[in-house]
Amino acid sequence: MSTSMSPSSDTIFQKGGPGRRAFVCPELDVPAADAETLLPARFRRLEPARLPEVSEPEIVRHYVGISKRNFDLDSGFYPLGSCTMKHNPRLHERVAALPGHARLHPLQDPERAQGALQLMWNLQEALAEIAGLPHVSLQPSAGSHGELAGVMLTRAFHEDRGQRRHKVLTPDTAHGTNPATVTMAGLEVVKLATDAAGGIDVDDLRAKADADVACLMLTNPNTLGLFDQNIEQIAALVHGVGATLYYDGANLNAVIGISRPGDMGFDIVHFNLHKSFTQPHGGGGPGSGPIAVSERIAAFLPTPLVVRREVGAHGAENGASLSGARFDLDYGSAGGAGSRSIGRLRGFHGNYGCLVRAYAYIRSLGAEGLRDVSETAVLNANYLLARLAQLGVAEHLPLAYGELCMHEFVLSGGPMKRALQIQTLDLAKRLLDFGFHPPTVYFPLLVEEALMVEPTETETKETLDAFAEALAAILAEAAEQGPEVARGAPYTTPVRRLDEVAAAKRPVIRQALT
Amino acid sequence: MSTSMSPSSDTIFQKGGPGRRAFVCPELDVPAADAETLLPARFRRLEPARLPEVSEPEIVRHYVGISKRNFDLDSGFYPLGSCTMKHNPRLHERVAALPGHARLHPLQDPERAQGALQLMWNLQEALAEIAGLPHVSLQPSAGSHGELAGVMLTRAFHEDRGQRRHKVLTPDTAHGTNPATVTMAGLEVVKLATDAAGGIDVDDLRAKADADVACLMLTNPNTLGLFDQNIEQIAALVHGVGATLYYDGANLNAVIGISRPGDMGFDIVHFNLHKSFTQPHGGGGPGSGPIAVSERIAAFLPTPLVVRREVGAHGAENGASLSGARFDLDYGSAGGAGSRSIGRLRGFHGNYGCLVRAYAYIRSLGAEGLRDVSETAVLNANYLLARLAQLGVAEHLPLAYGELCMHEFVLSGGPMKRALQIQTLDLAKRLLDFGFHPPTVYFPLLVEEALMVEPTETETKETLDAFAEALAAILAEAAEQGPEVARGAPYTTPVRRLDEVAAAKRPVIRQALT
Amino acid sequence: MTRYTATTADDLAEMLDAIGVDSIGELFERQVPPGVRLSRALALAPGMPEQDVFAHLRDLAARNVSADDEVSFLGAGMYDHYVPALIDMLMERSEFLTPYTPYQPEISQGGLQVMFEYQTAICELTALPVSNASVYEGPSAAAAAAYMAKLHNGRSRLVVSAAMHPHTIQTLRTYAHGYGMEVVEVPMRGTHAGLDAGTTELEAWRAAIDSDTSAAFFAQPNFYGAVEDADALSAAAKAAGAADPVRADGDDRAPLVVCQVDPITLGVLRAPGECGVDVAVGEGQPLGNRLDFGGPSLGLFAAREVYLRRMPGRIAGETVDVDGKRGFVLTLQTREQHIRRERATSNICTSQALNALGAVVYLAWLGREGIVELGELLLARTHYARRQLTAIDGVHALHERPVVREFALRLEADVATVRARCARAGVNPGVDIQALTGREQDRGGLLVAITERRTRADIDRLRDVLAAAVAAEREAVPA
Amino acid sequence: MTRYTATTADDLAEMLDAIGVDSIGELFERQVPPGVRLSRALALAPGMPEQDVFAHLRDLAARNVSADDEVSFLGAGMYDHYVPALIDMLMERSEFLTPYTPYQPEISQGGLQVMFEYQTAICELTALPVSNASVYEGPSAAAAAAYMAKLHNGRSRLVVSAAMHPHTIQTLRTYAHGYGMEVVEVPMRGTHAGLDAGTTELEAWRAAIDSDTSAAFFAQPNFYGAVEDADALSAAAKAAGAADPVRADGDDRAPLVVCQVDPITLGVLRAPGECGVDVAVGEGQPLGNRLDFGGPSLGLFAAREVYLRRMPGRIAGETVDVDGKRGFVLTLQTREQHIRRERATSNICTSQALNALGAVVYLAWLGREGIVELGELLLARTHYARRQLTAIDGVHALHERPVVREFALRLEADVATVRARCARAGVNPGVDIQALTGREQDRGGLLVAITERRTRADIDRLRDVLAAAVAAEREAVPA
Ligand SMILES: Cc1ncc(COP(=O)(O)O)c(C=O)c1O
Ligand SMILES: Cc1ncc(COP(=O)(O)O)c(C=O)c1O
């Protein structure tokens, strides 16, 4: 609320005092036994963990205090490109917290977890319909986990046919998780160039698409916010050499109900439920990265999968089933989905809590509402782009490629840098003083001084206007007063620019304790 | 987080746009009927209420935004004297929100609300034990509502004996609700002087205690934070003229498990569950003000009361009872408590949600923990007082009365005003810049430039030290730099000193709408 | 030390040393006379870890049948409306939950702005120009209006429609004794059907009001769910209560017409300010507040401009700071107890700020169109329910007045037993009217409330369960 | 417009005008090739009002038997610990719930400090000097350690104790295929009682580890609840896996010893850093996170200093700002995918920041003494439970090793049917071991987990119910 009132950066370990505590241990209600019987000395901890010693009020005040040193979506515009910082409905927190969901043990018997399994099955069906692909696994924990699953599926698919294809094509605009994933899955990245229109350079693709190619990973619209005009040709080329197409679903918010990855020819899609489907970002997770796949990939899916079985009067008897359906975990029945599974990617069944939220969202909006999501997301992005042009911002921050955009757009800060001597980083930091979260910066890599702006559908026109005006004001300020103002920014934040180099050189990554 | 980021003061009515909405109406699932049949035109609203037109994200951002323009207990020290701003355990919010409590209709049949009634009965018992008085009504909504109940009980008590006593004695240190209540209950306030020790002037009391006196209202420790040394004599005097003693429980936090109003001779006590018993203050409520009374007052209690009945095998049959007990609402059975009731003070049974929290608190701490509450509250207050003396603050802000204090103390700003030309108001406003909520100011009225400081038991010594140092720093600043700094304060708050005179002269109490 | 306190052994030693005492005990010994010192521990159960307290409170909760556990048609002042999740979130934010009354406006703009917005919303809803920031709850809001009336016109009679909620009438009686005022109840037209049955009897109302009448109270809709003829009641009260002889200054001592409203109906129902009402009071629970077994909720209080300086409760006002920036403060505080003391317009101090937050957020959530749509939905479902239920053998309308969201039935069977039968089938059919009013004429009365949470399927289920219960009861106890 | 969007008719007109298109449709027509445009509406159920979505999700929840609905002894990786209310409050604060990864440190100090504190707490707990800010969850944390080992020493074999959680082993196998590494399982001593049964067979462990072994994995306590001899396993791995011949530089290519921990046991159990372990991984759910049917939770990842620059995941580091003020940043980002791309130490991006907040707040809440007290309570109750249950006819200890909070039984009856019988009595006696491992040797195995929420009374109830179920089962199906 004011600089002087904002709490210090003392950590919880620097607070408290000996013997203070928030925890009161439940009473020992069983007969005491001697220490050695309970746990022989040689297994016992030598030095106690120096955890904090604080009262409950101290904990609350500490964390409420530092929470105020965060900017957050509920407090302001957060146009972080590629991240889809859309409104997080509180209903989702309410339903996820219901004890029947939140306090359900993952090893509860399926017959006694029918609600959860039904929810998962319903969600699988909905995601399959949205993706235009028939089979879904909800297991991956986030986007990059979904990617890993996807590349491994591709590998398994080829290996199953006796092929050891080692190349994965990724455009130079790809998100870092794409190449990182490829390596982890034991394959090799081959970069594809971007053409003048901002799409895949089809000639380059044609040149590189050979029998060693396992897969092409793509996000469409891509990280430039552009829908690839040649997607059909690209798909044909890739399929032509026997490779699969992987769809990075981070940008799905542009096309829900408008265009489906499956219809574009993709074999595997991951969803980012924390982007398109409102799972709150939590300061960097949790997320959830379900995948949808085509028939030819289904056999390799991670297990368990959630299946629905029709049951007769007998199965319905125990009251656990609804309308004759019973839901179960399937570990890959012969010939079906998961039957030649790549295996497990994690413990249990995925981030169920995130699935609950995504499911609530889909049920809230339905087909019509979800299409409105994408329509509005694209409208907002194009309007903001147009508004920036109207305000003359485009002169210094031109659109990197194309004229229109999908749900986000990428500006180049090159002209600004040359004309006004401020970099994209300076612009971003100065935006902080205006109360906005900056766009994603310096990504994608091929755009000079890139600024990637994704307003999302849940923002009002007023907010878009205010943001456009802030950008214009910063440019005007630089033109009039020189670059120093922006270069010194931010001024009004809890801390100012931080020395990241020093942090990495001599890393201090925990509180020194005495 | 910074001035520029802090939201504006635009109201929700100044936001939004035509047709925006957060609410989706459930579908009309019954046959449509024509408007006139449903509600004839002459009963229909003429002009629509111009409520806001906003989307859900707009609502969230608006209210999260303005919430950041509040100082709150979870964020900092709040030594607001007489208000007992102690830590609010979050457990209490959790249990109060359980559907079995939060979604229980007040007119549910008692047999089907046994948990709630048992809770209320248990709380009655605990409060009776704490007060040292046998009968409790949980109905009053806050302290002043409890006072009103209490004065009416006194009146009923006397009227029942055929007496129409019209005076109520209140010390000149009394809280404003005391005299206001007396008038509302149709009686007259007679003020008692304070003696040199800060207690009731016993001579003045002796002079005024006559047969017209219905009651003496007192808080002990009083609003000076002092325990009246003559309480036994005072009680004897008041009882001697046939009057009752009323205990304003706002200061109970000093004496839980240490001294009981009933044992001091009081007939009626109100509790402020939002002070001593952790109900969060909510920006000014909700509160809860149960009363405990002596045998001779019990018959007049407001109804319904919660009673416990032992039941035999028969009553236990329906499964609604625990250990042979059944709880019920009692509307005053012959001769017993509530039998000559003053009536109802409000709808339903009181602020049950607050009762749940208070009950959770009492069960959390137990007898020992509650005594620790008062011991620590008194320790903290005396330490802060001593620390202020050590820092030389007492020179300008001497303790108004006495040497020690109970859970709070009152300083006089008179010497400060004369020596440093700053008033208590200036000091308070300057404290805001230091990140502290100021103490209660200008109360009690008989202390010049009063500052009433109540640290509560849940604060750490470190916080008390920091507060003492802030006070010392402000005084030093005034001594060194003159009074202007403090007089111009605050500087770092979302708004600075506000024109209250203008506000009252031409009141604007709602948003102008177009 | 408990989990909420923080005095380490070192702290204690330093603190005692600074104070100059040897022990905490000494602080009490030196201040609390031995005769009133408690020499034993309080007889309370020992403290418990958080998890045990939680388990205990959960066990108690499980022994209540909440609106989650049955299909409930209970109403009569508090209603099972859906509270959107964002309200919980906002009410639980530390910044709203844990401060106290905004005495320091510079650091309380959030709370003050909420009050200001709440006042605006209530003014809009009631079509009255001024509103306070809420009082305790419904019935005591009516009693606060009576005090305002007394301060305003100094008259001594309170005329009250018998068709008001019994708790309101009872509360008015309690307070009136303190005010030194007399309460006169105006009967209503017999409640057994007939077009105007179930409403305040206009002639009796007119007759009861005289030149010593300070205020006249009715409810809209009334306790029986019936829509009153508010215009007629207001006009009659003003006419009958005019000063005798009429004063030159236009009789500003005339009785205040006080209408108790159900705020959720005001999307469709003529607003108090549109039918000559001076003061609107009401239970605010339907606006985004939980049932909570009856509280905490909030009391609505809005009035015509002339009463502004005699209103009870907190009022937030707009102003500017020294830099000319817009801000909000508690205003007109000279009405209040902490300034005016024994001459205050009310003794209220701690009120219901957090609940008022819930109310204004709810109204913003419903929105301009939503409150109308919701009202229309309630009208339609209530109409449907009334038709379905009165078609049952042995079930009749208690009155045939228009209703909005609640209506009264008369059963040809014992209500308590019928209700118990329904409860066993998982349906709570509504409130036993006579049990609440204690009036003989209300025997057989059942008050059925509809909210947007009660679907047609729920209503159909109620119909079937009630029909079966009434039939079974009539069979068991032949009339 | 939906309830989450805000384009009024006027907005739309102005926006289209500014863009220079006639309709939103045009934006798509001009950008999305017709061949891949969906020409129909998605086949999804229509949208619903908030209250209906809530009701639907509540109905689904009601069809699950949660830890609220039975006395549950389920564990095997996730445990029903009490989560204090303040964690919910903090995790639901907008400031923690709704931002993303702290890319802009100036406005993300809250989240970054939480990471820094979390790292400190995990270092303390594991007695290892470095920790990241968490990864996805338990089993994949082990897989991440395997990748780190591969990057560190370039060796190709992963030796894994068969006494680890089956999900961990399965996950390691999945990932290892990608890494091009071989997984070798080390059997454990026969699980049918005997003093050392139920633990990793030391000789086999030593034999399996060679100079091409990149990392060796065991769990402490292991899947069967048994306390392993961690010192011996670590020492043996280091010795057996030393380079051959031992290199001059002290063999820093030796296999990494990776221990999967249960954090809640670390108040009493010797910490990884105290017994020669290089990397500690584990499922963090027991630390203040809900069960959530298995996620989201968090994966613990701590290591010796030398691995710092090859760790996966986010790491917060301390630094200063231009004014010299202390602050925190994401550091060592050159390890990460967004900088290092195909040469990153992991592909992880979005992780489990909010869950890590829960974990560190939980550890602060437990506190220095609390984690020991809790560990002692679990030891005592587990010991008691094991004694009570093994006294039942037909119920035996699967092993007799020390246990902390979970232990394995062997039933002389079909586990599935016994569990079903217990469930009908409201008791979930634990995990069917064989159903999870699929191993023949685990037939009859039941894994019973104890938390501070399971009182002696609960344990006694389990004893009675289990005894009855086993007896009934043996009677029904004579051995
Ligand atoms: C285009 C793109 N692909 C993949 C990812 C990775 O997703 P996650 O962070 O969920 O692992 C992101 C997320 O930032 C992304 O923007
Ligand atoms: C001494 C004293 N008495 C009475 C009251 C009135 O209590 P309440 O605000 O709960 O009505 C207060 C509260 O401020 C008080 O401090």
Side-chain angles (χ1 to χ4, degrees), chain B residues 9 22-23 25 29-30 38 49 51-52 66-67 69-74 95 98-100 102-106 112 114-115 141-142 144 176 179-181 183 185 189 281-287 343-344 346-348 351-353 366-367 369 376 383 386 460-461 493 495-496 503 508 510-511, chain C residues 2 6 11 15 18-19 42 44 46-47 57 60-61 63-68 74 94-95 98-101 106-107 109-111 120 124 136 139-140 167 170 174 178 292-296 317-319 321 326-327 331 337-338 341-342 344 347 350-354 364 368 370 373 379 384 456:
Chain B
S9 54
F23 173 69
C25 195
D29 52 1
V30 296
L38 292 177
L51 296 179
I66 66 173
S67 81
R69 293 161 67 92
N70 267 359
F71 182 93
D72 68 286
L73 177 62
D74 279 356
V95 294
L98 288 167
R103 296 197 21 70
L104 181 60
H105 193 283
R112 295 150 65 73
Q114 285 293 296
S141 310
S144 77
T181 298
T183 310
V189 173
H281 286 86
R344 240 186 204 286
R346 50 163 292 165
F348 309 115
N351 284 343
Y352 177 75
T376 309
Y383 171 69
T460 61
K461 177 172 173 298
T493 46
V495 292
R496 295 181 54 213
V508 177
R510 63 188 164 105
Q511 178 66 51
Chain C
T2 70
D11 289 344
M15 292 167 88
I19 301 169
L42 289 173
L44 298 172
L57 273 284
L60 290 173
R63 301 184 62 236
N64 297 324
V65 179
S66 81
D68 264 11
L74 289 172
S94 296
E95 289 82 346
T98 71
Y100 208 0
T101 311
E106 297 86 351
I107 53 165
Q109 286 298 298
T120 307
E124 282 300 314
Y136 294 141
S140 58
H167 289 177
Q170 290 161 24
T174 307
D292 270 343
F293 201 43
E318 182 176 337
T319 188
D321 77 356
R326 185 190 198 189
T331 194
Q337 45 74 27
H338 61 290
R341 301 181 68 87
E342 59 269 28
N347 70 337
T350 301
S351 184
Q352 310 290 134
L354 193 67
R368 195 173 294 201
E373 292 168 2
L379 277 174
Y384 174 79
R456 176 185 184 151

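Here is how names work: the chains are called A, B, and so on, in the same order as the sequence lines, proteins then strands, and each is numbered from 1.
Salt bridge annotation for Asp11(C)-Lys461(B): absent, with no cationic side-chain nitrogen under 4.0 angstrom from a carboxylate oxygen.
When atom types are taken as modelled, the side chain of Ser144(B) and the backbone of Asn347(C) share a donor-acceptor pair closer than 3.5 angstrom. A donor-acceptor pair is defined here as one N or O able to donate and one able to accept, closer than 3.5 Å; such a pair exists between the side chain of Thr174(C) and the backbone of Arg344(B). For the pair Arg112(B) (side chain) and Val65(C) (backbone), a donor-acceptor distance under 3.5 Å is absent. Checking side-chain atoms of Arg456(C) against main-chain N and O of Asp29(B) turns up a donor-acceptor pair under 3.5 Å. Not a single donor-acceptor pair under 3.5 Å links the side chain of Thr460(B) to the backbone N or O of Ala6(C). The backbone N or O of Ser9(B) sits less than 3.5 Å from a side-chain atom of Arg326(C), completing a donor-acceptor pair.
For chain C, the nearby part of Val189(B) is the side chain; its heavy atoms alone come within less than 4.5 Å. Heavy atoms of Tyr384(C) lying under 4.5 Å from chain B belong exclusively to its side chain. Only the side chain of Thr376(B) comes within contact range of chain C, with at least one heavy atom under 4.5 Å from a heavy atom of that chain. Only the side chain of Leu98(B) comes within contact range of chain C, judged by heavy atoms closer than 4.5 Å. Contact of Thr101(C) with chain B is made through backbone and side chain together, with heavy-atom distances under 4.5 Å. If you measure heavy-atom distances from Ala353(C) to chain B, the contacts under 4.5 Å come from both the backbone and the side chain.
Shown here for Leu42(C) and Ala367(B), the closest heavy-atom pair between the two residues is O-CB, 3.2 Å. Looking at every heavy atom in both residues, Glu95(C) comes nearest to Asn70(B) through O-ND2, 2.9 Å. For the residue pair Gly100(B) and Ser66(C), the shortest heavy atom distance occurs at CA-CB, 4.1 Å. Across every non-hydrogen atom of Thr98(C) and Leu73(B), the tightest pair is OG1-N, 3.1 Å. The heavy-atom pair separating Arg496(B) from Asp321(C) by the smallest distance is N-OD2, 2.8 Å.
Side-chain contact check for Phe71(B) versus Glu106(C): every heavy-atom pair is 4.5 Å or farther apart. At least one side-chain heavy atom of Gln352(C) sits less than 4.5 Å from a side-chain heavy atom of Asn351(B). Put simply, the side chain of Pro286(B) reaches to within 4.5 Å of the side chain of Leu354(C), judged on heavy atoms.
In terms of heavy-atom pairs under 4.5 angstrom with chain C, the leader among Gly343(B), Ala386(B), Ala22(B), Pro179(B) is Pro179(B). If you tally non-hydrogen atom pairs under 4.5 Å between each of Ala344(C), Gly327(C), Gly370(C), Gly294(C) and chain B, the highest count goes to Gly294(C). When the candidates Gly366(B), Cys25(B), Gly285(B), Ala142(B) are compared by the number of heavy-atom contacts under 4.5 Å with chain C, Gly285(B) comes out ahead. Looking only at heavy-atom pairs under 4.5 Å with chain B, the residue among Gly110(C), Ala61(C), Gly295(C), Pro99(C) that has the most is Pro99(C).
Residue Leu51(B) holds its CG atom at 7.0 Å from CD of Glu124(C), rounded to the nearest 0.5 Å. The CD atom of Glu318(C) sits 12.5 Å away from the CZ atom of Arg510(B) when rounded to the nearest 0.5 Å. Atoms OG1 and CZ, on Thr183(B) and Arg341(C) in that order, are 10.5 Å from each other to the nearest 0.5 Å.
Listed by chain and number, the residues in a side chain to side chain donor-acceptor pair (under 3.5 Å) with Asn64(C) amount to none (sequence neighbours excluded).
Between Arg346(B) and His167(C), the side chains place no donor N or O within less than 3.5 Å of an acceptor N or O (distance only, hydrogens not considered).
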